[in-house]
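Residues: numbered from 1 along the sequence shown. Ligands are counted one by one from 1 in listed order, and the atoms in each one are counted from 1 as well.
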Amino acid sequence: MKAYVIQNGTYQLVDTPEQQPKGRQVLVHLKTAGLNHRDLNIKDRVGSKAEPYILGSDGAGVIEKTGDEASRLEIGEEVIINPSLNWYDNTEAPPEDFQIVGVPFNGTFAEKILISEDFVERKPTHLNGKEAGVFALSALTGYRALFTQGKIKEGETLFIPGVGGGVTSFIIQMAKAFGARVITTSRDSDKLKQSEKLGYDRGIVTDEDWKIALADEQIDLVIESIGGATFNKSLDVLKKGGRIVTFGSSTNDEFTFNLRSFFYGQYKLIGSTMGSREELHELIPFVEEHNIKPLLDKGYPLDDIDTAFTHLESQKQVGKIYIHM
Ligand SMILES: NC(=O)c1ccc[n+]([C@@H]2O[C@H](COP(=O)([O-])OP(=O)(O)OC[C@H]3O[C@@H](n4cnc5c(N)ncnc54)[C@H](OP(=O)(O)O)[C@@H]3O)[C@@H](O)[C@H]2O)c1
């Protein structure tokens, strides 16, 4: 089978032997896979190891074979991959053996994936194959950040910078479905316009002075994933005593912030990452009920995955970039 790997520090499409499911494993014939920001950083983590690692965390397809002890899913069922491995219950933090699908565990940028039946779920009924292929990582991360960690309440105002992000686009839709007011930003006014269908209440351009632009708002919760470039500006618009959840740092991990202003403001800073299987089981009926779908940007064949990576790096996308096998 064809697979996109990192090996000896180089990304390449290779032919690799197909494996057979044993015990509670299933073999999923993948139809689509979704790109995530994480895929861009794999080179820094793996370096130039000689062992090939298959990239990709999100995917959807059909159960092709099942191991002799697998019983949750039938051959031919349409499924999605749960990229959050070994995290079953909604605990305060992931367990020690938590891993994400796609390096070092074999990923979804391949024609097939061998995985425990525990981390495969029936495709949400309202999603088509492409939407299902880009769904799980972003939606699950967003669900935990918004509900478990952010504890959003109906009627509260959420400020979430970076409308173009894969996770942010889910959070905006989920927060609106839950009855919150949502304000977002983008560096690109066209992106704001194209993203209006997510249903946000107010969008401002990143370059604006947020304190002035949002002087008439009371922000209860901020969800920050851009990092150093915007964290202090985000904190500046949060109401005193408000919550700020962070799950990403697309710009930089390290920056300074004013501790005195922070403790005087009695803010609450909360970290979040991915989500548990228990949360995924809450998320799927929630998105089905509210018809929440990912925004799709552009699709590429597996043979042209390098172009998909270049597109992801360009940050021109509005919504998720996907691969079809
Ligand atoms: N912890 C986890 O479990 C987890 C899971 C998923 C993602 N993440 C992390 O979360 C972050 C977002 O992920 P994603 O997949 O949603 O990323 P993405 O699709 O790459 O989106 C990044 C967003 O950040 C904004 N942005 C980027 N650079 C900026 C800058 N210099 N100034 C202002 N805005 C900027 C962009 O907004 P505009 O283009 O609209 O301005 C874009 O929408 C990444 O750091 C990713 O690694 C973490």
Side-chain angles (χ1 to χ4, degrees), residues 33-45 55-58 82-85 87 93-94 98-103 134-146 148-150 159-174 182-196 198 200 203-208 210 222-234 245-255 270-276 279-280 283 294-298 308-322:
L35 263 68
N36 289 292
H37 199 96
R38 176 178 193 271
D39 304 313
L40 294 175
N41 306 329
I42 293 296
K43 214 172 191 166
D44 301 337
R45 296 187 200 185
L55 281 85
S57 304
D58 271 327
N82 171 6
S84 193
L85 298 175
W87 189 1
F98 169 68
Q99 273 193 48
I100 300 175
V101 168
V103 189
V134 304
F135 170 76
L137 187 143
S138 301
L140 182 56
T141 304
Y143 186 87
R144 182 171 176 86
L146 180 67
T148 311
Q149 304 293 71
F159 178 61
I160 176 152
V163 77
V167 185
T168 48
S169 64
F170 274 111
I171 293 178
I172 291 169
Q173 293 181 77
M174 292 192 283
V182 179
I183 305 168
T184 189
T185 70
S186 180
R187 290 163 299 174
D188 181 346
S189 51
D190 284 345
K191 262 197 199 182
L192 276 177
K193 189 94 204 121
Q194 288 175 59
S195 308
E196 273 173 3
L198 297 173
Y200 65 78
I204 57 174
V205 176
T206 306
D207 273 351
E208 277 184 64
W210 294 357
V222 170
I223 300 187
E224 240 300 331
S225 61
I226 299 173
T230 53
F231 188 91
N232 280 315
K233 283 175 73 172
S234 291
V245 173
T246 172
F247 66 85
S249 53
S250 295
T251 49
N252 43 343
D253 292 359
E254 292 184 21
F255 55 93
I270 306 148
S272 193
T273 203
M274 296 285 286
S276 60
E279 288 160 300
L280 184 62
L283 158 70
L295 278 188
L296 289 177
D297 187 86
K298 200 170 167 194
F309 268 71
T310 308
H311 185 39
L312 181 67
E313 271 170 319
S314 78
Q315 296 190 26
K316 295 271 189 302
Q317 74 274 16
V318 179
K320 300 290 291 185
I321 301 167
Y322 60 94

### Query
Would you say the side-chain atoms of Ser234 and Glu224 include a donor-acceptor pair closer than 3.5 Å?
yes

### Query
Residues in side chain to side chain donor-acceptor pair (under 3.5 Å) with Tyr322, at least two apart?
none

### Message
Can you confirm whether more than 12 heavy atoms, excluding those of Glu196, are under 6.0 Å from its CD atom?
### Response
yes

#### Entry: Results of side chain to side chain donor-acceptor pair (under 3.5 Å) for Ser189 - residues two or more places apart only
none

Protein N/O near ligand 1 N/O, under 3.5 Å, which pairs?
| unit_1 | atom_1 | unit_2 | atom_2 | d |
| --- | --- | --- | --- | --- |
| ligand 1 | 1 (N) | Phe247 | O | 2.8 |
| ligand 1 | 1 (N) | Thr273 | OG1 | 2.9 |
| ligand 1 | 3 (O) | Thr273 | OG1 | 3.1 |
| ligand 1 | 3 (O) | Met274 | N | 2.7 |
| ligand 1 | 16 (O) | Gly166 | N | 2.9 |
| ligand 1 | 16 (O) | Val167 | N | 3.1 |
| ligand 1 | 19 (O) | Gly166 | N | 3.2 |
| ligand 1 | 20 (O) | His37 | ND1 | 2.9 |
| ligand 1 | 28 (N) | Arg187 | NH1 | 3.4 |
| ligand 1 | 39 (O) | Arg187 | NH2 | 2.9 |
| ligand 1 | 39 (O) | Lys191 | NZ | 2.6 |
| ligand 1 | 40 (O) | Gly164 | N | 3.1 |
| ligand 1 | 40 (O) | Ser186 | OG | 2.8 |
| ligand 1 | 41 (O) | Ser186 | OG | 3.4 |
| ligand 1 | 41 (O) | Arg187 | N | 2.8 |
| ligand 1 | 41 (O) | Arg187 | NE | 2.9 |
| ligand 1 | 43 (O) | Gly162 | O | 3.4 |
| ligand 1 | 43 (O) | Gly164 | N | 3.2 |
| ligand 1 | 43 (O) | Gly165 | N | 2.7 |
| ligand 1 | 45 (O) | Ser249 | N | 3.3 |
| ligand 1 | 45 (O) | Ser250 | N | 3.2 |
| ligand 1 | 45 (O) | Ser250 | OG | 3.0 |

## Note on the structure
Residues passing the ring-ring contact (aromatic ring centres under 6.0 Å, His included) test with Phe231, sequence neighbours excluded, are Phe255

### Task
Tell me yes or no: between the side chains of Ser276 and Glu279, is some donor less than 3.5 Å from an acceptor?
yes

